[in-house]
Structures are given as structure tokens and as C-alpha cells.
**Student:** 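Can you read through this structure? Questions will come right after.
Remember, it's 1-based here, ligands and their atoms both numbered in the order they're listed.
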Amino acid sequence: MTATTNRQVLLVEKPTGKLGPEHFKMSESAIPEPKDGEALLRVRYISLDAANRAWMHGATYRAAVETNTVMAGGGIAEVISSKAPGLVAGDIVFGDTGWQNFAAVPAKQLSKMPKLEPMTHLLSVYGIAGLTAYFGLLDVGKPKAGETVVVSAAAGSVGSIVGQIAKIKGCRVVGIAGGKDKCHWLTSELGFDAAVDYKDGNLFKALKAAAPDGIDVYFDNVGGEILEACLAQMNLRGRIGCCGAISQYDGAPQATGPRGVPGLIVVKRLIMQGFIVMDYMNQRDAALAELQSWVAAGQLKVQEDVIDGLENTPAALIGLLAGENRGKRMIRV
Ligand code: NDP
């Protein structure tokens with residue numbers, strides 16, 4: 001059946017507390033006409049990212065999302081028609097398509113993607129998640145064989161790949177995740193050496209037991225109390241890769257944060273560095289080749305959490321922030 005209208009999810013209100021379904025609304029509009037320099041896209045998969053929620057607070061590495069507009073979000077899409085050089089009907093692209101069936105997007109804001117199966121891997125291991133894990137761990141964390149690497153949100157899309165790459169590099173790997181099931185999955189399926197359930201009591205003590213020799217590299221996806229516990233257990237000349245701060249995204253902006261940061265950094269000669277994956281795009285091809293070789297060799301398992309239906313996008317994001325997902329969550333449009 002040929003679609004005649006464009007179904008869209010609008011952000012109708014910015015949350016001041018926790019994100020809820022009432023902040024979104026389904027809407028319909030005409031399928032857009034691409035202008036010069038744009039391509040008309042049919043969206044195939046929409047990426048659910050913790051950062052979607054952070055964009056509602058204000059400008060970050062991108063502009064804030066505004067109310068009564070289509071909710072922003074990355075997606076894999078097929079070019080239907082093009083008024084831009086370099087793109088033709090049938091091409092597969094990644095870009096900020098937003099939460100909708102069709103989008104007209106300037107070609108310069110799109111990345112042409114290889115045609116590979118399953119296409120979902122273009123959002124997970126060969127997408128932003130895989131590249132974030134790859135560059136954040138290897139370039140910022142600089143792990144050496146034998147060192148202890150700790151990663152938070154370890155059962156999520158970025159974290160599950162970070163831990164597996166650290167194993168490939170010969171490190172002892174500890175994942176921090178919410179719940180016994182996720183922790184068991186990390187050790188039994190993904191090869192982590194230990195996992196800590198941050199929802200189960202004394203995080204500091206549990207981390208000490210899981211990483212008895214201290215932490216050399218901490219890949220921080222969550223900030224807050226987990227960052228504080230890891231900071232206190234860092235070894236001399238340890239590295240902390242600051243990837244994100246999920247614990248601070250959903251709710252009113254908080255004034256909490258790790259205590260004792262400056263003193264610890266000085267005394268332990270720590271390096272604490274933030275990074276944005278987009279800064280590494282000139283090295284993308286080499287990273288993808290290495291990720292592909294690990295997947296082909298069975299060293300890197302890809303976990304995807306695919307939910308059907310554009311109308312389920314708000315619930316899927318709310319659920320991701322609550323820890324429902326294992327691996328890369330996305331919507332099949
Ligand atoms: P994930 O797939 O990792 O899912 C988010 C997970 O975070 C949930 O499953 C949940 O798992 C965990 N979580 C939620 N709330 C808390 C909390 N309060 N404390 C600890 N864990 C929590 O999401 P993403 O892959 O989208 O994001 C991972 C991180 O990577 C984010 O910080 C994101 O901003 C960052 N990122 C950064 C990029 C960069 O360029 N710097 C690029 C892409 C992502 P659990 O059950 O374990 O609680």
C-alpha cells in the first residue's frame with residue numbers, strides 16, 4: 001500500500017520531571033516535498049537514545065528540541081527521491097530523520113550507509129553506539145592488556161560493546177548494570193569477568209569486590225553516584241572516559257554529582273576526558289572494518305532490542321530510561 005500521509009510523533013510539552021506519554025502526540029501531515037539540496041526519505045528504523053531525553057533540557061552538542069515539532073532522533077532511511085547530488089533513490093542513509101515515516105532532509109546532514117544485512121546493525125554495532133564504544137574506549141580510555149576496565153550502563157547499547165572490546169584487548173572487565181538478570185547476562189553471555197548490580201545495596205563495596213585491584217579505565221555512561229564510587233577506586237594514572245550522564249537526564253536538573261573530584265584527580269594523576277563520537281568521523285572506516293572483523297570472528301556479540309511501530313516510540317524511550325532495554329533499542333517504523 002502506498003502511503004499518502006506522513007505519520008509523526010510530536011513533542012507537545014517539555015517534561016519538568018520524568019518523561020511520560022503525555023509529553024508526546026501522534027499527528028499526520030502531508031508527505032514533504034524535498035527542496036533543492038534535499039532528499040525525501042522513508043524512515044526504516046529510529047534509534048532510541050538516552051540523549052533524546054537530554055535534548056529536552058536545552059542545547060547540548062545540538063540545538064534543544066522544541067515543543068510542537070517532530071521529536072528529533074537519528075534514523076536509518078531509504079532515499080525515495082533526491083534533489084541533491086550524490087544521493088539517488090534506493091540509497092540508504094543515516095541522519096536526524098525525526099520520529100516520523102517520511103522526512104525531507106538536506107543531503108549534507110546525511111551519511112550514506114553501506115547496504116548490509118541486517119540493516120539494524122547500521123544503528124547498533126556499525127552505528128553511533130558501536131563507534132562511541134570503539135573511540136571512547138580505545139582513544140580516551142587507552143586500555144592496556146591486564147588492566148581493569150569498568151563500564152556503567154553495561155547492558156545498554158554502548159556499554160555492552162565497550163565491555164566486549166575491552167575483553168578483546170585483554171583487560172579484566174567489570175560491568176555495572178541494574179538488576180540480577182542483566183548482570184548474569186553480562187558474565188554468562190558477553191564474557192564480562194564480573195558484574196555489579198547498582199540497584200542492590202552497597203555499590204562501593206560490591207565494586208571493590210568485583211575490581212579488587214582497583215580501576216584503570218572507567219567508561220562513564222551515567223555520572224552521579226556511580227561516577228563517584230568509581231572515582232574513589234581509580235588506580236594511579238587511571239583514565240575516565242566521560243561518555244554521558246544518564247542518571248541526570250530524566251527528571252528535574254539536579255545539583256548532585258561526584259564529590260571529591262579535584263582532590264582525587266590530582267593525587268592519583270587521573271585523566272578525565274569527555275568526548276563526542278562525531279569528532280571521530282574521519283576515522284570511521286577503519287573503526288568499522290575492525291568492528292566487522294570482530295563480529296565475523298564471533299568475538300563481538302550484537303544485542304538489539306527492536307520494537308515495532310512508530311506509535312510505540314515514546315513508550316520505547318520512556319522504557320529505555322527506566323532500564324528496560326538490553327543492547328541497542330530501536331523502532332522498526
Ligand atoms: P543505553 O542503551 O545504554 O540505555 C540506557 C541504560 O541506562 C538503561 O538501559 C539503564 O540500564 C541505564 N540507566 C538508566 N538510568 C540509570 C541511572 N540512573 N543510573 C545508572 N544507569 C541507568 O542507552 P544509550 O546507548 O542511548 O546511551 C548510553 C550512554 O552513551 C548515554 O550516556 C549517552 O548519552 C551516551 N552517548 C554518548 C555519545 C557521545 O558521543 N559521547 C554518543 C552516544 C551515546 P540499567 O538497567 O542498567 O539501569
**Student:** Hydrophobic clustering (ILVMFWY, side-chain heavy atoms < 4.5 Å, transitive) - are L40 and L110 grouped together?
**Tutor:** no
**Student:** Please could you name the atoms of ligand 1 that V222 approaches to less than 4.0 Å, counting only its heavy atoms?
**Tutor:** 20 (C), 21 (N)
**Student:** Do S47 and K328 have side-chain atoms, one donor and one acceptor, less than 3.5 Å apart?
**Tutor:** yes
**Student:** Looking at ligand 1, would Y249 count as a contact under a 4.0 Å heavy-atom criterion?
**Tutor:** yes
**Student:** Taking the side chain as everything from C-beta on, heavy atoms only, tell me whether V12 gets closer than 4.5 Å to T67.
**Tutor:** no
**Student:** Within the 4.0 Å heavy-atom shell around G156, which atoms of ligand 1 are there?
**Tutor:** 1 (P), 2 (O), 3 (O)
**Student:** In the protein, which heavy atom is nearest to atom 25 (O) of ligand 1, and how far is it?
**Tutor:** S157 OG, 2.4 Å
**Student:** Could you work out, for atom 5 (C) of ligand 1, the closest of I246, N52, L131 by heavy-atom distance?
**Tutor:** I246
**Student:** With a 4.0 Å cut-off on heavy atoms, is A129 in contact with ligand 1?
**Tutor:** no
**Student:** What atoms of ligand 1 come closer than 4.0 angstrom to any heavy atom of V277?
**Tutor:** 39 (C), 40 (O)
**Student:** Is it true that a side-chain atom of K268 and a backbone atom of G263 form a donor plus acceptor pair closer than 3.5 Å?
**Tutor:** no
**Student:** Can you tell me if A322 has a non-hydrogen atom under 4.0 Å from ligand 1?
**Tutor:** no
**Student:** What protein heavy atom lies closest to atom 36 (N) of ligand 1? Include the residue and the distance to one decimal.
**Tutor:** C243 SG, 3.6 Å
**Student:** Take V302 and Y126 through the side chain to side chain contact (heavy atoms under 4.5 Å, CB included) test and state the conclusion after the steps.
**Tutor:** CA-CA 10 Å; V302 185; Y126 306 136; 6.0 Å; no
**Student:** Looking only at protein heavy atoms, identify the closest one to atom 21 (N) of ligand 1 and say how far it is in Å.
**Tutor:** Y198 OH, 3.4 Å
**Student:** Taking atom types as modelled and ignoring hydrogens, do the side chains of T132 and Y280 form a donor-acceptor contact shorter than 3.5 angstrom?
**Tutor:** no
**Student:** Only heavy atoms of N325, strictly under 4.0 Å: list the atoms of ligand 1 that pass.
**Tutor:** 1 (P), 2 (O), 4 (O), 8 (C), 9 (O)
**Student:** Determine, for D96 against R62, whether the closest basic-nitrogen to carboxylate-oxygen distance falls under 4.0 angstrom.
**Tutor:** yes
**Student:** Under a 4.0 Å N-O cut-off, is there an ion pair linking D193 with K167?
**Tutor:** yes
**Student:** For P21 and I318, work out which heavy atoms get closest and say how close.
**Tutor:** N-CD1, 3.5 Å
**Student:** Tell me: protein heavy atom nearest atom 44 (C) of ligand 1, and distance?
**Tutor:** V158 CG2, 4.2 Å
**Student:** Are D308 and R332 within salt-bridge range, i.e. N to O under 4.0 Å?
**Tutor:** yes
**Student:** Which ligand 1 atoms does I226 reach within 4.0 Å, using its non-hydrogen atoms?
**Tutor:** 20 (C)
**Student:** Considering only non-hydrogen protein atoms, determine which one is nearest to atom 8 (C) of ligand 1 and report residue, atom name and distance to 0.1 Å.
**Tutor:** L320 O, 3.3 Å
**Student:** For K144, does its backbone N or O pair with a side-chain atom of E147 as donor and acceptor, under 3.5 Å?
**Tutor:** yes
**Student:** Which atoms of ligand 1 are found less than 4.0 Å from any heavy atom of D49?
**Tutor:** 26 (O)
**Student:** Which residue supplies the protein heavy atom nearest to atom 29 (C) of ligand 1, what is that atom called, and how far is it?
**Tutor:** N221 OD1, 3.3 Å
**Student:** For a 4.5 angstrom cut-off between non-hydrogen side-chain atoms, does E38 reach K83?
**Tutor:** no
**Student:** Indicate yes or no: does E304 engage R326 in a salt bridge with an N to O separation below 4.0 Å.
**Tutor:** no
**Student:** Considering only heavy atoms of L321, which atoms of ligand 1 have at least one such atom less than 4.0 Å away?
**Tutor:** 14 (C), 15 (N)
**Student:** Looking only at protein heavy atoms, which one is nearest to atom 41 (N) of ligand 1, and how far off is it?
**Tutor:** F275 O, 2.8 Å
**Student:** Identify the closest protein heavy atom to atom 27 (O) of ligand 1: which residue and atom is it, and at what distance?
**Tutor:** A50 CB, 3.9 Å
**Student:** Answer side chain, backbone, both or neither: which part of K182 comes under 4.0 Å from ligand 1, heavy atoms only.
**Tutor:** side chain
**Student:** Near A177, which atoms of ligand 1 are under 4.0 Å from a heavy atom of that residue?
**Tutor:** 47 (O)
